[in-house]
Amino acid sequence: MTRLRALARAAQLSPGDHASWVYDAPEQLRTVATEYFAVGAARGERLVYVGGGDVERLVDHLSGLAGRDRLLTDGQLSVHEVSSFYGGPSLDPRGQVTAMLQLARAAAEEGWAGLRILGDTSDYAADPDRADALLEYEASVGVVPATTRTTAMCVFDRNRTQATWRALSALHGLQHAPGWTPTFTLQVVDGTVVLAGEIDIGCVHELRRLLRQLGSSTSGTLVLDLGEVGFIDVAGTRVLATFAQLLAATGRTLRFRNLSDAARRTFPVFSLGEEQCR
Amino acid sequence: VSSTVGTWTGVKFAHEAFVFDSDDEVRARVVPFVDEGLRRDESVVVVAGDHVRNLLAEELGGRTAELTVFAPAETFWHGGHQTLATYRESMEPLLAAQRPWRLVGEPIWLATPGGDAWSRFEAVANDAFAEFPYYSLCLHDRRRLAPALVEAQLRVHPMMWDGDRPALSAHYESTDAYLARVEPARSARPADARTVRIDQVERARPVLEEWLDTSTITSRTGEALLAVYELVTNALRVSGEAWVDEWVEGDTVLWQVRDRGPGLHDLAAGYAPPSLDLSSGRGLWLARSLADDSSVRASASGTAVLLLFRADEAS
């Protein structure tokens with residue numbers, strides 16, 4: 001699992017990374033995408049650019065990418081409109097994770113050094129009816145870079161995605177989110193929800209939203225690993241206790257595993273403990 | 001009065017100190033107390049040290065099976081805050097049973113290091129449990145306890161056993177008066193104290209972490225950080241700004257968090273266990289439980305909470 005880090009340059013990314021990048025203006029997106037793909041092109045990676053608007057406009061975003069047209073002709077680079085790439089206007093989170101795994105394997109079979117994808121899913125994030133599906137997808141798609149030679153960067157337009165970009169950022173171990181770098185990350189690893197970083201009153205809104213989404217997209221017992229939580233305050237612990245209560249009300253169990261020292265300090269305040277539900 | 005509980009009607013909290021010098025006194029006071037509770041169909045709970053439990057087991061024989069709880073006190077102490085919270089939690093099934101209960105409790109931890117703080121929690125219990133149908137008979141063995149510990153117990157129990165019946169204690173003090181007497185004395189903040197004003201919650205942890213890097217507290221920095229941080233977020237919530245001071249006195253690091261809010265005029269705030277309702281405040285309770293000692297002082301200009309952390313050698 002990638003530990004929480006702030007990301008300064010898109011060129012720093014390498015296989016195994018699942019990063020998020022929040023942008024404020026289209027010019028920023030052009031710069032970031034160009035820099036990101038230039039590294040991949042030099043490495044001989046398969047490059048996939050997915051974004052909003054028509055394909056022509058997306059291709060134009062990469063006008064600064066050296067050898068862009070040749071990359072397109074050779075099939076090393078492909079450009080896709082977001083809803084056609086993600087299977088239509090509604091996103092199927094699980095199906096899409098499977099599709100991404102297949103894409104990564106196909107890139108390897110075709111002899112590319114890896115898969116390098118940049119996805120601008122602001123269209124989904126901006127739509128209240130589709131944002132939850134995107135959150136579910138982002139929480140679990142980390143398995144692709146974790147198990148294949150894939151570099152993934154998810155970009156979001158801050159101006160269009162309201163507060164959702166904050167929750168989305170927290171689903172990535174590597175984040176570029178100027179003005180508000182999330183202090184924690186939530187990732188689903190082998191069916192376990194792993195919380196890491198620092199959880200305080202400044203990010204409880206995002207944590208609450210992500211947990212509620214997780215609660216509604218899963219069934220049965222949920223396991224929360226807290227081994228990498230370096231700080232958690234009363235407000236953050238209250239969110240976990242409330243979530244445990246919410247699940248219990250529907251007959252489900254929330255188990256806490258691997259409590260860090262920080263979690264051990266606040267958990268007794270809410271009578272929470274390891275491997276315990278209430 | 002023939003009753004072992006005086007005029008207690010089983011509706012509200014009664015809190016009696018029973019100080020004894022001999023096993024015979026224990027038999028004479030406690031056995032009728034237990035038997036009366038069983039006869040009245042109350043829940044009877046005994047949490048006491050080995051010596052008293054063995055004595056009672058001998059006297060009660062098979063009747064110990066009728067006790068709701070008959071447990072050792074030896075493992076009960078986890079600091080005042082957590083112990084009182086455990087008491088509170090253990091009352092849930094007793095409350096649910098919807099009948100009065102009586103406790104024979106022997107806080108043997110009074111004699112252990114730091115255990116003397118329990119008197120403050122006994123004081124706070126008078127208010128926290130006031131509405132419960134609960135009689136607490138607290139046993140204090142003069143043969144084991146230093147005179148000052150016994151004296152403190154008489155100040156925090158409204159009633160005491162006079163050798164014949166429960167009577168009002170002449171030594172009893174109000175909770176605030178008692179806490180003001182035993183909490184750490186307030187000395188003036190020295191001129192070389194570090195002070196910072198915080199008006200944004202994001203600023204709080206970086207500043208505190210920087211101070212802790214150069215603090216004489218080295219092994220409990222996580223506790224100190226969390227405790228002070230909780231006080232700062234409380235202050236920001238009530239008044240939008242917080243002042244944090246830090247200074248050293250001997251082997252103790254003192255942290256003070258001040259605000260200009262309406263004021264916490266309850267000295268006992270942060271002693272009593274948080275309500276079981278998840279939305280209720282817990283920050284002050286946690287901060288005070290993490291510190292070695294603490295006090296809350298309110299004035300017309302706001303509230304100041306003082307936390308003491310002893311340096312590692314002494315803690």
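Note on naming: letters A, B, ... go to the chains in the order of the sequence lines (proteins, then strands), and numbering restarts at 1 for each one. All values below come from the heavy atoms of this structure, side chains included, with hydrogens, waters and symmetry mates left out.
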Please collect all salt bridge (Lys or Arg N to Asp or Glu O under 4.0 Å) contacts where either partner lies in residues 222-241 of chain B, sequence neighbours excluded, each pair once. A:R265-B:E223, B:R197-B:E241, B:E241-B:R260

B:R282, B:Q82, B:H81: which one forms the most heavy-atom pairs within less than 4.5 Å of chain A? B:R282

Would you give the length of the straight line joining atom CD1 of A:I201 to atom OG1 of B:T233, rounded to the nearest 0.5 angstrom? 5.5 Å

Atom CZ of A:R264 with >12 non-hydrogen neighbours under 6.0 angstrom: yes

Enclosure of B:E74 CD (heavy-atom neighbours >12, cutoff 6.0 Å): yes

Can you tell me how far the CZ atom of A:F231 sits from the CG atom of B:L225, to the nearest 0.5 Å? 5.0 Å

How about A:R130: does its CZ atom have over 12 heavy atoms from other parts shown lying under 6.0 Å from it? yes

Please give me the minimum heavy-atom distance between B:G281 and A:R238, naming the atom from each residue. CA-NH2, 4.1 Å

Rounding to 0.5 Å, atoms CG (B:L226) and CG (A:D261) come to a distance of 12.0 Å

Test side-chain contact (heavy atoms from CB on, under 4.5 Å) applied to A:V234 and B:Y229, step by step: CA-CA 10 Å; A:V234 165; B:Y229 174 84; over 6 Å; no

Within 6.0 Å of CD in B:E92, more than 12 heavy atoms from elsewhere: yes

Within this structure, what is the CG-CZ distance for the pair B:L286 and A:F270, rounded to the nearest 0.5 Å? 9.0 Å

So what's closer than 4.5 Å to chain B heavy atoms on A:D200: side chain, backbone, both or neither? both

Heavy-atom count around B:R203 CZ within 6.0 Å, excluding the residue itself: above 12? no

For A:R9, does the CZ atom sit with more than 12 other heavy atoms under 6.0 Å from it, leaving out its own atoms? no

Neighbour count above 12 (heavy atom, 6.0 Å) for B:E210 CD: no

Among residues at least two apart in sequence or on other chains, which ones pass side-chain contact (heavy atoms from CB on, under 4.5 Å) with B:D213? none

I'd like to check the side-chain contact (heavy atoms from CB on, under 4.5 Å) partners of B:E202; sequence neighbours left out, ordered by chain and number. B:Q200

With a 4.5 Å heavy-atom cut-off (strictly below), which parts of residues 105-123 of chain B touch chain A? List them by number. none

